[in-house]
Each structure stands twice: as structure tokens, then as C-alpha cells.
There are 2 protein chains.
Amino acid sequence: MADVAAEAHVSVKTVSRVVNHEPGVRPDTAERVRAVIERLGFRRHDGARLMRQGRTFTIALVVEDLANPFYSQVGAAVEREARIRQHQLITASAEGSPSRERAVIEALVNRRVDGIVVVPADESASSDAVLEASHTPIVYMDRPVRGTPRDTILSDNHGGIRSAVEHLVAHGHRNIAFYGDDPAFWTARQRRDAFVATHEGLGLPGSPRVSMGPHSSGSVQETLVPWSRGPEPITAVITGNNRITLAVLLALREQRLPLSLVGFDDFELAALIDPPVTVVHQDPAAMGQKAAQQLFARLLGDESPAQTVVMPTRLIVRASGLRRAALNR
Amino acid sequence: MADVAAEAHVSVKTVSRVVNHEPGVRPDTAERVRAVIERLGFRRHDGARLMRQGRTFTIALVVEDLANPFYSQVGAAVEREARIRQHQLITASAEGSPSRERAVIEALVNRRVDGIVVVPADESASSDAVLEASHTPIVYMDRPVRGTPRDTILSDNHGGIRSAVEHLVAHGHRNIAFYGDDPAFWTARQRRDAFVATHEGLGLPGSPRVSMGPHSSGSVQETLVPWSRGPEPITAVITGNNRITLAVLLALREQRLPLSLVGFDDFELAALIDPPVTVVHQDPAAMGQKAAQQLFARLLGDESPAQTVVMPTRLIVRASGLRRAALNR
DNA sequence: TTGAAAGCGGTACCAG
DNA sequence: CTGGTACCGCTTTCAA
């Protein structure tokens with residue numbers, strides 16, 4: 001900028017005015033400056049600018065794994081909201097490690113990002129002190145965190161599972177098993193608890209048959225086989241997420257068990273499997289959008305108390321929830 | 001930092017030394033400084049630091065759509081390489097628009113990112129001037145660009161298609177159709193050309209039956225039905241990408257056509273469809289990793305001529321490539 | 001309408 | 001081992 005100023009025989013301040021389209025520059029002066037800018041290929045150094053202004057026009061997203069379709073859809077939505085507002089997005093993976101997450105967040109705070117959206121690795125709020133001291137706004141997604149109340153965007157796990165159970169019951173199922181993921185995950189526990197509660201609420205027979213992961217096709221079969229034989233054999237299965245749905249589908253195929261199924265999380269090509277898989281759909285794009293919007297509201301000065309938003313799920317009925325007898329007719 | 005210096009009765013330079021673990025500070029002085037840092041909750045402002053140092057320790061990834069599984073896997077790989085090297089990653093979507101891509105790249109250059117990986121929207125190299133003037137290293141991915149030679153990471157489209165044709169021929173197919181995506185895409189044209197070349201190279205009968213998109217299940221059926229009836233009916237189909245594979249699968253199901261299939265791009269649950277889908281797998285994670293590695297090599301001063309790397313594809317044989325007669329036995 | 005000087009928060013360089 | 005000072009590239013403030 002100094003170069004441009006010298007070349008155009010004006011002060012840096014005038015160049016600055018031209019670059020930022022500030023008023024109060026004579027048109028011919030402005031034109032002369034622009035010509036020099038063009039000739040020298042000058043580009044404003046946004047780092048310096050933003051440092052002076054105290055904001056970075058950057059937000060960050062911290063997730064477990066960017067390659068996971070759930071997170072990548074969240075990422076796309078957050079990036080879109082950021083772009084609309086002239087902000088840039090830094091994305092970082094914590095790989096499910098709380099310590100790495102903490103390190104990542106500290107690095108982001110050191111960079112003075114304006115705000116952070118994070119899918120927390122655990123509930124420990126290990127970055128609370130840093131965030132508090134730096135006044136960096138944060139929005140948690142998908143899972144809540146202990147400690148200081150913060151804006152949090154969750155999925156309606158309970159409602160989703162309930163709709164799955166009710167759907168199966170409406171189609172005549174009474175004996176339904178639930179396969180969930182590792183109970184270390186908050187969402188896995190939520191969905192399990194929702195299943196048990198709904199099971200009892202509807203007065204289904206016996207005690208709820210629940211198997212928590214981590215699961216593979218093999219580990220699923222260990223309970224799937226006895227449960228579908230013995231007395232009161234199960235006729236349907238509900239799964240706690242994408243990964244478990246896959247394991248159960250493989251297990252059903254391997255054992256040639258004609259059980260009905262409702263999965264949590266929609267997945268690509270669920271409609272092409274035979275029979276097409278009925279799922280509880282959560283909307284990662286909507287969640288990401290909501291999280292980003294909430295973050296920007298804070299950046300714009302919203303000082304209202306932290307709020308938790310529960311995003312609705314939607315049952316996508318295909319065919320796997322019907323009774324197999326009905327399907328074959 | 002000035003506050004810390006004042007409080008600890010040392011100069012800012014000494015604080016700087018402590019913060020950066022530079023040698024030449026007496027242990028007790030360092031300890032005193034650290035105590036003040038802790039008490040005041042001081043955190044180094046990386047923006048200021050990086051501005052002085054002239055590097056930002058930031059690289060960027062520009063793609064069409066972060067939610068697309070191909071790009072999100074690339075993104076995860078690039079982020080990982082960046083993180084290993086203490087860099088952060090800015091991700092941006094250009095939504096397939098060359099003008100938006102140009103704007104995004106200019107913004108990134110203004111931020112002085114150290115380098116950029118981009119999946120270009122078209123071949124026009126519209127950002128060439130900016131990149132040239134700013135000396136920002138760039139690596140192109142998946143598609144080449146005209147103009148100044150640049151580092152480029154491509155997938156072996158030709159080899160992939162050839163392996164698909166050869167696989168089908170080995171299983172007795174002679175009449176094979178190709179469904180590709182919109183020929184506006186460089187990769188779509190590459191794969192089409194590879195099909196035609198292989199078709200001729202192997203001396204398959206008649207002229208190659210090719211239908212380019214954009215395709216839906218409906219548009220596929222328009223040619224699929226006549227081609228599988230008339231004289232020399234096709235017995236197999238090759239698809240040019242993920243999206244087309246889906247359209248063809250739906251079309252085959254709708255028309256109850258028992259054709260064999262090899263798809264380009266692997267996809268989630270391809271193994272669970274009946275019959276399991278044989279695919280040409282390209283490795284987005286490996287491509288992203290390679291691109292990032294190439295970029296960092298440039299950042300470390302590699303001045304060798306720009307190179308184009310073609311990453312191998314791999315045929316994942318499941319069952320859909322067999323003749324249906326064989327399958328039913 | 002224009003410019004000089006201070007300062008954002010650090011680091012580089014050199015002196016003590 | 002420690003400190004002073006210039007300076008990175010821009011914006012802010014105030015004066016001309």
C-alpha cells in the first residue's frame with residue numbers, strides 16, 4: 001500500500017480510502033490510485049486489516065471426522081451461512097479425542113476466530129475456561145456439554161425413536177429389539193433410553209431387548225439369533241444409528257432372518273436395498289444452519305441467555321417396517 | 001503481552017521469549033513470567049505473530065460442494081495433512097460456479113493463505129493472474145486447468161474404465177452400454193472417451209452405445225429399454241459416476257431388466273444391494289493427501305517443474321458384473 | 001479533500 | 001541473559 005501511495009503521489013490513507021470505497025476522495029485522485037493499484041497488482045492484506053479492526057471474519061467448525069457424511073453435511077451448511085455473511089470457515093477434526101479437541105480450540109482462540117461451532121467429543125467442557133476468558137462465542141451441536149450453559153443444537157432423539165417404535169407397532173409388531181452404539185456416546189444413551197421408555201409406555205410385552213455396541217455384524221448376530229428364535233420371538237429391529245443399521249443389515253442377510261427394520265439416520269441408497277429401509281431422518285444440514293445462525297446472532301450482539309434448540313426428526317417410511325408376511329403377499 | 005511484561009517487570013521481548021520457548025531466559029525469570037501469563041490468562045495473538053512472520057500457517061481447500069462424499073473425503077485428508085504440519089485449513093464451496101470460485105480464491109489470496117488446493121469448476125484458469133502475482137502455490141485436483149502448468153492430481157479415469165470393460169468382457173459380455181454424466185465435466189468426457197477407445201480396442205461389435213447426461217432414472221430408461229431389446233441387445237452397463245449409477249440402478253429396477261453393471265466410484269452400501277455392485281474405486285482420501293503433500297512440498301521450497309500425478313483406480317469385484325444367467329444358477 | 005502520526009500485538013535485530 | 005526499537009500492513013484519529 002505504501003508502494004501504491006508513493007507511485008500515485010498520495011498518502012497511504014488515501015489509498016486506503018480508495019481500496020475501501022470510502023467517500024471523500026476526488027474522482028480523478030481515486031482513478032489515478034486505482035490505475036496504480038492495477039498496474040502494481042496490489043492486493044490488500046486482510047490479515048493486517050483485520051488485526052487492526054479486532055475481528056477476523058472467520059468462524060470455525062470442530063467435528064470428529066470431516067469425512068463422515070453427517071458432519072460433512074453440517075460443514076457444508078455452516079460454510080454456506082458463513083459465506084453469506086462474508087466470513088470464512090476453518091474446519092478441524094478432533095478425531096473424537098477430548099484432548100485434541102481442546103488443543104484445536106485453543107489454537108482457534110489464539111487465532112481470534114470470531115466464533116466456534118463444535119460437536120463435542122465428550123461432555124467435559126474442557127475448553128470452558130479458555131472460551132470464558134477469551135469471550136469467544138461457541139455453539140455446541142448434536143451433544144450437550146456440562147458446566148456453563150451454552151447455546152446447543154440437538155436432534156430430537158427421543159421423538160425419533162418413539163416414532164420408529166410406534167410405526168412398527170402400528171404394523172402389528174409387538175416384539176422389537178433395539179441395537180444401539182457404544183453407550184459412551186451421549187446420543188447412543190439417549191436413543192436407548194427413549195426406546196426403553198416408549199417400550200414401557202406402549203405396554204409391549206416382556207422387558208425391552210436392548211444390545212449396545214460398539215457393534216459389528218458378528219456381535220449383532222450373537223443376540224439377534226436367540227432373540228428371533230426363543231419364546232416371544234422378535235419380529236422387528238430398531239437401530240441406533242447409521243453404522244449399526246449397516247451391521248444389522250449384514251447380520252440379517254447372513255442369517256437369512258426376515259425381520260422388519262427401522263434405522264436411525266437416513267443413508268444414501270436406503271431406497272435401493274431390498275426391502276427399502278424405513279428410517280428416522282435427522283437433518284444435519286438444518287442443524288448446521290441453525291448452529292451457524294445462532295452463532296452469528298451472538299456475534300451481532302445477542303446477549304440473551306444460552307438456549308437449547310431441539311431439531312425435529314422425520315420418519316421416512318419405505319418398506320422395511322412392514323411385517324414381512326405383508327411384504328410377501 | 002505488554003501487560004504481562006509490565007506485571008512481571010520484564011520487557012515484552014522477554015515475554016515473547018518465554019511464550020515461544022526460546023532459549024536464553026533465566027529459569028526464575030521465565031517462571032515469574034509464566035506465573036503472570038497464567039494469572040492474567042494471556043494468550044498470544046497469532047494473527048499479529050503471523051503477520052510479522054509473513055506466513056499464516058493456513059492452507060485452503062476450494063471444492064464444489066463440501067457435502068458431496070467425494071469432496072468431504074478429500075477435505076478430511078487435506079485437513080489431516082495440514083494438522084500434522086501445524087497448519088489450519090479453510091474450506092470453501094464454489095458451488096460449481098467459475099465466477100464464485102474466482103471470488104473465493106481472491107479472498108483467500110487476500111488473506112495470504114500459504115497455499116490452495118482446488119477442484120476447479122472449469123478449465124479456464126480464471127484465477128491464474130491472481131495466483132501468479134501473489135506467488136500463492138496451488139494444486140489442482142480431479143480436473144486439469146488450461147494455461148500455466150500447475151501441479152495437478154488426477155484419477156486414472158482411462159484405466160478405471162478400461163478395467164471395467166475388460167471385467168465385463170471376461171465374463172462373457174459383448175454388448176455393453178455406457179452412461180456418463182454431463183459432458184460439460186472434464187471427467188465425464190474422459191470416461192466416455194476411455195469407454196469408446198476400449199470398446200474399439202477390444203473389437204466389440206457395432207459402434208459403442210453411449211448416452212451422456214445429465215441423467216435421471218427416466219432419461220436412462222429412454223435408451224436402456226430399446227438397447228436391451230433390439231438386435232444385439234446389451235447385457236451390461238457401465239456408469240460414469242456415482243450419481244449415474246444410482247439413476248441406472250433405479251431404471252433397471254423399474255424396468256425389471258436383469259443387466260449386469262459396473263459403476264464408477266464406490267459408494268456406501270454398494271455391497272448390500274442385490275446383487276452387490278461391482279465398482280471402479282477411486283481413492284479420494286489418497287488424492288487429497290497427495291495434493292496436500294505436493295502443496296507442502298512447494299511451501300518448503302520445492303521449485304521443480306509443475307507435475308501431474310495420476311492416481312490409480314481399483315476394480316472392486318462384487319457380483320453385479322457377472323452374467324445374470326451365472327448368478328441365477 | 002487530503003495527510004501525518006499513532007497504534008493493533010507481536011517478532012527481528014542489534015546493543016548492552 | 002535482557003532490553004530497546006524498528007517494523008509487519010493496515011486503520012483510526014485528528015489536524016490541515
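Any value given below was found using the heavy atoms of this structure, including those in side chains, with hydrogens, waters and symmetry copies removed. Residue numbers start from 1 in every chain, and the chains themselves are labelled A, B, ... in the order their sequence lines are given, proteins ahead of strands. Since the model is a prediction, treat every value here as computed from it, not as a measurement.
In terms of phosphate contacts, A:Thr29 brings a side-chain nitrogen or oxygen within less than 4.0 Å of OP1 or OP2 of C:dT2. For the pair B:Thr14 and D:dG3, the criterion of a side-chain N or O lying under 4.0 Å from OP1 or OP2 is met.
Side chain of A:Arg44, nearest nucleotide from D:dC10, D:dC7, C:dG9: D:dC10. Among the nucleotides C:dT2, C:dT11, C:dG3, the one closest to any side-chain atom of B:Arg49 is C:dT11. Distances from the side chain of A:Ser11 to the nucleotides C:dG9, C:dA4, D:dC1 place C:dA4 closest. Of the candidate nucleotides D:dT2, D:dT11, D:dC10, D:dC10 has the atom lying nearest to any side-chain atom of A:Phe42. Among D:dT11, D:dG9, D:dC7, the nucleotide with an atom closest to any side-chain atom of B:Met51 is D:dG9. Among C:dC13, D:dC10, D:dT13, the nucleotide with an atom closest to any side-chain atom of B:Lys13 is C:dC13. Checking C:dT2, D:dT11, D:dC7 against the side-chain heavy atoms of B:Arg52 singles out D:dC7 as nearest.
Looking at which nucleotide of DNA chain D each of B:Val12 and A:Ala2 is closest to, the 5′-most match is held by B:Val12. Where B:Arg17 and B:Ala48 each meet DNA chain C at their nearest nucleotide, the meeting point lying more 5' is that of B:Ala48.
Nucleic acid contact for A:Arg43: sugar-phosphate only, since backbone atoms but no base atoms lie under 4.0 Å from a heavy atom of the residue. Within the nucleic acid shown, B:Asp46 has no heavy atom closer than 4.0 Å to any nucleic acid atom. Among the heavy atoms of the strands, none lies under 4.0 Å from A:Val19.
With rounding to whole Å, B:Asn110 atom CG is found 11 Å from D:dT11 atom P. Distance NE2 (A:His45) to P (D:dC7): 17 Å, rounded to an integer number of Å. Between the CE atom of A:Met1 and the C1' atom of C:dG3 there is a distance of 14 Å, given to the nearest Å. A straight line from CG of A:Leu50 to P of C:dG10 spans 16 Å, rounded to a whole angstrom. To the nearest angstrom, P of D:dT11 lies 12 Å from CZ of A:Phe57. At whole-Å resolution of the value, CG in B:Leu40 and C1' in C:dG9 are 15 Å apart. Per the geometry, CZ belonging to B:Arg55 stands 15 Å off P belonging to C:dT11, to the nearest Å. Here D:dT13 presents its P atom at 11 Å from CD of A:Gln53, a figure rounded to the nearest Å.
At a cut-off of 3.5 Å, with distance as the only test, no side-chain donor of B:Ser93 or B:Asp65 sits close to an acceptor on the other residue. In this model, a donor atom of one side chain and an acceptor atom of the other lie less than 3.5 Å apart for B:Asn110 and A:Arg43.
A donor-acceptor pair under 3.5 Å links the side-chain atoms of B:Asp182 to the main chain of B:Ala184, judged by distance alone.
Side chains of B:Leu299 and B:Arg85 form no contact here, defined as non-hydrogen atoms less than 4.5 Å apart.
Electrostatic pairing of B:Glu81 and B:Lys290 does not count as a salt bridge here, judged by no charged N lying under 4.0 Å from a carboxylate O.
Contacts of B:Phe42 classified as ring-ring contact (aromatic ring centres under 6.0 Å, His included), with partners at least two apart in sequence or in another chain: none.
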